[in-house]
Amino acid sequence: IFGSLSYNVSVYKNGLLLFPPETVRLGNVTVRGLPSFTLLSVNVVAVHGDGTTAESEQRYFQTNSSAPTCTPRNFAVGPTNSSSLHLSWVSPPSSGTQNSVTCLLNGVLCGFTMRYWIKDSTADVRAKELSPEEHHVILLQLEPYTNFGKRNSCYMQDGGPGRS
């Protein structure tokens, strides 16, 4: 009789069932596919051949942050003189769409990392860390008349990569 005992684990977002309950035989489960940086709740029902128990008490939790689904917008680069560049951008949107992609910030934006290097070389990658309020940077003392590669990425509250 004990072998026929199982558990239905249900996950909710804003009181609505997120996906069909997961049935497990053990007293633990890893639920995958949860949305990032979201307040969710979970409850459990024991199921036996004779019926089910009442639902357990709801337990609330927030999932971790992850990389934004969209990149910083309006990224522009322009020379200020022969050895410096001005780079500017706008933060990724917290929601909406960008280039037909659904945008989710997926956490608390803690800043940007601007990486730049001499084009066709990965030997000398330089980086600047910027606060979330900073939307531009001037790169000084660059080698005149040199092509540079660049990447602007976000980093999130939990220190995760947050690459965009």
Side-chain angles (χ1 to χ4, degrees), residues 7-24 26-45 55-80 84-119 121-142 147-164:
Y7 303 92
N8 286 345
V9 179
S10 299
V11 179
Y12 298 88
K13 178 181 175 183
N14 300 326
L16 300 174
L17 190 61
L18 204 55
F19 32 73
E22 187 159 343
T23 302
V24 296
L26 301 174
N28 62 57
V29 64
T30 299
V31 180
R32 303 194 188 287
L34 299 176
S36 299
F37 200 65
T38 303
L39 181 64
L40 301 171
S41 64
V42 64
N43 70 13
V44 178
V45 173
E55 292 182 349
S56 70
E57 172 181 335
Q58 293 278 333
R59 297 291 183 182
Y60 290 86
F61 64 96
Q62 182 167 315
T63 53
N64 291 335
S65 62
S66 65
T69 57
C70 291
T71 60
R73 300 169 289 154
N74 303 337
F75 192 49
V77 179
T80 57
S84 65
L85 293 171
H86 180 258
L87 294 81
S88 62
W89 59 90
V90 176
S91 293
S94 59
S95 64
T97 58
Q98 177 182 339
N99 301 327
S100 302
V101 173
T102 300
C103 294
L104 298 169
L105 196 52
N106 289 332
V108 176
L109 180 66
C110 290
F112 301 95
T113 302
M114 174 58 62
R115 289 182 178 80
Y116 58 101
W117 59 92
I118 294 175
K119 195 80 167 171
S121 169
T122 56
D124 187 23
V125 176
R126 302 173 202 165
K128 282 191 161 293
E129 300 290 327
L130 303 156
S131 75
E133 294 80 28
E134 295 179 274
H135 292 119
H136 67 93
V137 65
I138 296 177
L139 305 178
L140 301 170
Q141 299 175 338
L142 302 174
N147 290 321
F148 284 85
K150 78 275 183 241
R151 172 178 284 149
N152 188 358
S153 58
C154 305
Y155 58 93
M156 308 309 287
Q157 182 177 33
D158 67 357
R163 181 171 226 123
S164 62

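The minimum heavy-atom distance between Leu17 and Ser10, with the atom names listed, is CD1-CB, 3.7 Å. Contact record, Gln58 with Asn43: NE2-ND2, 3.0 Å, taken as the closest heavy-atom pair. Residue Pro21 comes nearest to Asn8 through the heavy atom pair CB-CB, 4.2 Å, listed as atom of the first residue, atom of the second, then distance. Closest of all the heavy-atom pairs between Ile138 and Lys128 is O-CE, 4.3 Å. Nearest heavy-atom pair, Arg126 versus Leu142, reported as atom, atom and distance to 0.1 Å: NH1-CD2, 3.8 Å. Phe19 and Arg32 get closest at one heavy-atom pair: CZ-O, 4.0 Å.
With His86 as the partner, the side-chain contact (heavy atoms from CB on, under 4.5 Å) test is satisfied by one option alone out of Thr80, Leu139, Val137: Thr80. Shown are Cys154, Ser66, Ser65; of these, the side-chain contact (heavy atoms from CB on, under 4.5 Å) with Asn106 is made only by Ser66.
Atom CG in Asn28 sits 10.5 Å away from atom OH in Tyr7 (nearest 0.5 Å). Rounding to the nearest 0.5 angstrom, the gap separating the CG atom in Leu87 from the NZ atom in Lys150 is 8.0 Å. Annotation: the span from Trp117 atom CH2 to Arg151 atom CZ amounts to 5.5 Å, rounded to 0.5 Å. Annotation: the span from Leu140 atom CG to Leu85 atom CG amounts to 9.5 Å, rounded to 0.5 Å. Between the CD atom of Gln62 and the OG atom of Ser36 there is a distance of 10.5 Å, given to the nearest 0.5 Å. Note that the OG atom of Ser95 and the CG atom of Leu104 stand 7.5 Å from one another [nearest 0.5 Å].
For NE2 of His136, the number of neighbouring non-hydrogen atoms (other residues, nucleotides, ligands) closer than 6.0 Å is 12 at most.
Annotation: side chain of Tyr12 is not in contact with side chain of Leu18 (no heavy-atom distance under 4.5 Å). The shortest side-chain heavy-atom distance between Leu40 and Val42 does not fall under the 4.5 Å cut-off. Between Phe61 and Leu34 the shortest side-chain heavy-atom distance falls below 4.5 Å.
Under the 3.5 Å distance criterion, the side-chain polar atoms of Thr63 are matched with a main-chain donor or acceptor of Thr38. Using modelled atom types, one side-chain atom of Arg73 and one backbone atom of Ser91 make a donor-acceptor pair closer than 3.5 Å.
Under the 30°/60° scheme for interplanar angles, the aromatic rings of Trp89 and Phe75 are found to be tilted.
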